[in-house]
There are 2 protein chains.
Amino acid sequence: MSVGHIAVTTEPVVSCGGEHEDCGIREVLDRIGDKWSVLVVVELAQGMHRFRQLQRAVPGISQRMLTLTVRRLERDGLVSRTVHPTVPPQVEYELTETGHSLTHLVKALADWSAEHRDGIAASRRAWDTANPDSDIH
Amino acid sequence: MSVGHIAVTTEPVVSCGGEHEDCGIREVLDRIGDKWSVLVVVELAQGMHRFRQLQRAVPGISQRMLTLTVRRLERDGLVSRTVHPTVPPQVEYELTETGHSLTHLVKALADWSAEHRDGIAASRRAWDTANPDSDIH
DNA sequence: CTGAATCCCCTCAGATACTG
DNA sequence: CAGTATCTGAGGGGATTCAG
């Protein structure tokens, strides 16, 4: 991956057309950057889920936040919501095709995370020891 | 990209070892998920920046948030901070090798965003027309 | 120039209770 | 089961001020 001595890391030009405009990154980050969306997508990547099933699969999420999260994902066209007018009610959530394509991105995130989490943790410990008084968390 | 009729999208197994544990995704998301980090990284991807230079390059960011952002990035070992004890003071911020590797991830984010932003925007408009009364933003 | 410190607003997550 | 409605506290983040 990295050559070694010098950081010759081939660095992609990420700023859209050379300008520092907002691209559309923020639009994505506002969605996948929040606390729950990614976890929900990861769960839905394993197949269809009902509401409670989804809530149990994502430990710690509240009813309210699950509702808001799936609503926003549905609004963005990443998740489909199918209501079966039975009694008791039954609602099925599934990833759309776009939603599935997002899992590749999440995969990349997880990979990068797995590769660097130790280094990051070490760097944090070092920084914290070097800066005993600081509430930068 | 997509085949067509059916969503046969080859879907990566993103959940670490098959379990729904948190992996380390959250650790990354807590960093790149926040409002400014990505924008700062994108700017620094273009080379070394001084503090004010960086602030001017990231429109809208306050002194306070820039300070906090670069501190956290430094703590995580993504950004190096070099102080030149001159007068007036001069501080240089640069991406570390790890920081550079992150730009690839951001690139992937930008690419996915560019590819789907129109579809997402359309989906949002459709959802908003179908749900006139809703403050899900 | 590069910050640190303080104030303060305002969002938003969590808990709780209620409905169909 | 699958939500909605309401309240409240913590915290993110902007503006401003002070310091080296």
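Within every chain, numbering begins at 1; the chains are lettered A, B, ... in the order of the sequence lines, protein sequences first and strands thereafter. None of the values given here were measured: they were computed from a predicted structure.
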So how far is it from A:His100 NE2 to A:Leu95 CG, rounded to the nearest 0.5 Å?
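Nearest 0.5 Å value for the NE2-CG distance: 4.5 Å.
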Verify salt bridge (Lys or Arg N to Asp or Glu O under 4.0 Å) between A:Arg72 and A:Asp76, making sure each step is shown before the conclusion.
CA-CA 6 Å; A:Arg72 288 193 275 243; A:Asp76 288 359; over 6 Å; no
Figure out the [atom1]/[atom2] separation between [X] and [N], and round it to whole Å.
X        : N      : atom1 : atom2 : value
B:Leu66  : D:dA15 : CG    : P     : 14 Å
A:Asp34  : C:dG14 : CG    : C1'   : 15 Å
A:Leu68  : D:dA2  : CG    : P     : 17 Å
A:Asp30  : D:dG12 : CG    : P     : 16 Å
B:Ile136 : C:dA13 : CD1   : P     : 11 Å
B:Met65  : C:dA5  : CE    : P     : 16 Å

So which nucleotide from D:dT4, C:dG20, C:dC1 ends up closest to the side chain of A:Pro89?
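The listed nucleotide nearest to A:Pro89's side chain is C:dG20.
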Among C:dG20, C:dG14, D:dT4, which nucleotide sits nearest the side chain of A:Arg71?
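Within the option list, the nearest is D:dT4.
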Is the backbone of A:Arg125 close enough, under 3.5 Å, to the side chain of A:Thr129 for a donor and an acceptor to pair up by distance?
yes
How do B:Gln63 and B:Lys35 order along DNA chain D: which one's closest nucleotide is nearer the 5' end?
B:Lys35
Any chain of hydrophobic side-chain contacts (each under 4.5 Å) joining B:Val83 to B:Met48?
no
With a 4.0 Å limit, can you tell me whether A:Trp36 has a side-chain N or O closer than that to the phosphate oxygens OP1/OP2 of C:dG14?
yes
Sorted by position of nearest nucleotide on DNA chain C, 5' first, the leading residue of B:Arg64 and B:Arg52 is B:Arg52
